[in-house]
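In what follows, a structure is listed as structure tokens, so that the remarks can point back to it.
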Amino acid sequence: MVMSVMLAVEAVYNSVVSLGVKVIGWRPEWRFRWEPIAGDDDEEKGTTAHYPMVLVQIPMYNELEVYKLSIGAACELKWPKDRIIVQVLDDSTDPYTKNLVELECENWASKGMNIKYTTRSSRKGFKAGALKKGMEYDYAKQCEYVAIFDADFQPEQDFLLRTLPFFMHNPEVALVQARWAFVNDTASLLTRVQKMFFDYHFKVEQEAGSATFSFFSFNGTAGIWRAAAIKEAGGWKDRTTVEDMDLAVRATLKGWKFIYVGDIRVKSELPSTYKAYCRQQFRWSCGGAHLFRQVAKDILVAKDVSILKKFHMLYSFFLVRRVVAPTVTCILYNIILPISVMIPELFIPIWGIAYIPMVLTVVTAIRHPKNIHILPFWIFFETVMTMHRMRAALAGLFELSEFNEWVVTKKVGNNFEDNEVPLLHKTRKRLRDRVNFREILFAAFLFFCASYNLVFHGKTSYYFNLYLQGLAFLFLGLNFTGTCTCCQ
């Protein structure tokens with residue numbers, strides 16, 4: 001119950017700040033100086049020396065479906081050609097894909113683009129290792145700013161023109177983070193509920209952190225860093241699977257500030273399968289909890305950070321969001337509540353099982369008025385995802401097995417437009433790929449508890465909700481996902 005209250009207070013606080021920002025029309029320009037770069041036509045006159053050097057890094061790993069999209073978008077950014085370097089960090093192990101990526105880089109080089117194709121002999125450190133290696137080249141050391149885009153991200157042409165002025169006029173700023181937009185958010189019911197999760201993260205959590213403490217987590221892509229800040233923070237490290245969050249924390253402890261600009265959106269792709277999304281969420285949840293274990297002491301003893309910001313980082317950012325949120329939602333609603341129907345002596349206050357979930361639902365719905373019809377699906381989907389996030393959080397916090405695994409999320413690219421997946425489509429794969437045994441076992445447990453409560457309901461009647469929870473676990477346990485044509 002205490003953890004539930006902590007979670008509810010955190011959600012309400014972030015939502016109030018987010019709504020306040022929206023109501024008053026608050027923009028980062030109110031707090032940080034921003035002026036357009038003077039002389040946009042200087043490139044034609046041959047006077048571009050006042051433009052800073054920018055390195056655009058694109059880490060890749062067997063990205064056959066999307067490599068052209070990301071490389072093309074980076075090379076088409078509006079910036080003087082002599083002041084930008086596109087660096088493709090290719091860790092691909094597939095020779096065919098590797099060859100295609102190299103040919104694409106050569107194609108853009110023939111058009112006059114300063115593009116560098118780099119590879120490594122091993123994938124040590126995964127993405128962090130690739131980014132760290134990319135910063136070691138002499139030409140990279142000459143760049144003042146580093147923009148990072150994952151292989152499925154496509155920035156608009158004016159991305160640099162809109163973000164770099166924040167750095168040029170505010171020397172204390174280390175990072176400018178843009179918001180993610182999605183090209184396949186209406187492709188299926190699965191992607192629709194994912195969009196609600198990510199929209200809450202960007203509209204509420206990132207907005208609130210930026211507006212109040214100038215601290216939030218770097219999302220690993222669609223952002224631009226000051227190279228000096230990366231260097232001062234100790235560079236990229238591969239000690240966790242959330243190297244982006246790790247760097248953000250270390251830079252903050254050095255006194256740097258971050259800016260989140262929600263008006264700048266970078267197109268990307270949502271995971272198209274349930275298992276791909278689970279792997280992504282496991283890596284993020286596990287890495288966040290593991291990083292909490294790594295940096296908690298450093299935050300406490302940091303000298304360049306105020307006590308209020310330390311409290312925000314330790315309590316709100318790490319403890320509540322990375323540990324409490326997945327733990328309380330899974331244990332309370334998926335374990336304790338079902339078991340309570342068989343133990344009459346176990347009393348759960350009504351405010352804990354009804355009012356707090358209602359508050360969490362309301363604060364989520366407020367920022368998603370257009371997706372109110374998807375909310376019931378999102379609630380039950382998140383009920384299932386709490387199982388994976390809790391397991392990941394515990395694995396990261398206690399360094400259990402799988403705590404340092406890195407699995408790249410599979411991309412679809414432009415092919416998703418040609419994929420017609422009927423409602424509740426069942427993927428046709430091997431049995432172990434078609435069936436998620438954890439979800440099915442949980443479904444059986446919930447169905448048993450619901451049936452027991454239906455027959456021996458006593459003073460509590462939770463069976464209706466438990467049956468719905470069980471159905472959610474069962475559907476996802478059998479990989480039943482697909483498009484919802486009535487909502488398109």
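Keep in mind that this is a model prediction, so the values were computed, not measured. In what follows, residues are counted from 1 in the order of the sequence shown.
- Checked against side-chain contact (heavy atoms from CB on, under 4.5 Å), T329 has the following partners two or more places apart in sequence or in another chain: L7, Y333, T386.
- By the salt bridge (charged side-chain N to carboxylate O under 4.0 Å, His left out) test, R391 is found to be paired with E402, residues two or more places apart in sequence or in another chain being considered.
- Counting only residues at least two apart or in different chains, side-chain hydrogen bond (donor to acceptor under 3.5 Å, both in side chains) contacts with residues 159-171 are absent.
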Can I get a per-line list of side-chain donor-acceptor pairs under 3.5 Å for residues 101-109, giving both atom names and the distance, sequence neighbours left out?
{"unit_1": "E104", "atom_1": "OE2", "unit_2": "W108", "atom_2": "NE1", "d": "3.1"}

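- Residues satisfying the side-chain contact (heavy atoms from CB on, under 4.5 Å) criterion with R179, sequence neighbours excluded, are D199, F202, K203, Y260, R265.
- Partners of Y139 under the side-chain hydrogen bond (donor to acceptor under 3.5 Å, both in side chains) rule, at least two apart in sequence or in another chain, are Q87.
- Note on ring orientation: taking the six-membered ring where Trp is involved, the planes of F159 and F149 are perpendicular (angle over 60°, cut-offs 30° and 60°).
- Annotation: side-chain contact (heavy atoms from CB on, under 4.5 Å) contacts of E399 (sequence neighbours excluded): H290, R293, Q294, F403.
- Checking D82 against N114 by side-chain atom types alone, no donor-acceptor pair falls below 3.5 Å.
- Annotation: salt bridge (Lys or Arg N to Asp or Glu O under 4.0 Å) contacts involving residues 138-155, sequence neighbours excluded, comprise K127-D150.
- Classified by interplanar angle (parallel below 30°, tilted 30° to 60°, perpendicular above 60°), the ring pair F317/F215 is perpendicular.
- F197 and W378 have their aromatic ring centers separated by at least 6.0 angstrom.
- Partners of E63 under the salt bridge (charged side-chain N to carboxylate O under 4.0 Å, His left out) rule, at least two apart in sequence or in another chain, are K411.
- Under the rule for a side-chain contact (heavy atoms from CB on, under 4.5 Å), the partners of A365 that lie at least two apart in sequence or sit in another chain are I372, L375.
- Within the structure, salt bridge (Lys or Arg N to Asp or Glu O under 4.0 Å) contacts touching residues 376-386 (residues at least two apart or in different chains) are E382-R389.
- Under the salt bridge (charged side-chain N to carboxylate O under 4.0 Å, His left out) criterion, D91 pairs with R120, sequence neighbours left out.
- At a threshold of 4.0 Å, the pair D246-R250 counts as salt-bridged, since one of the basic side-chain nitrogens sits closer than that to a carboxylate oxygen.
- One finds the CD atom of E136 at 11.0 Å from the OG1 atom of T118 (value rounded to the nearest 0.5 Å).
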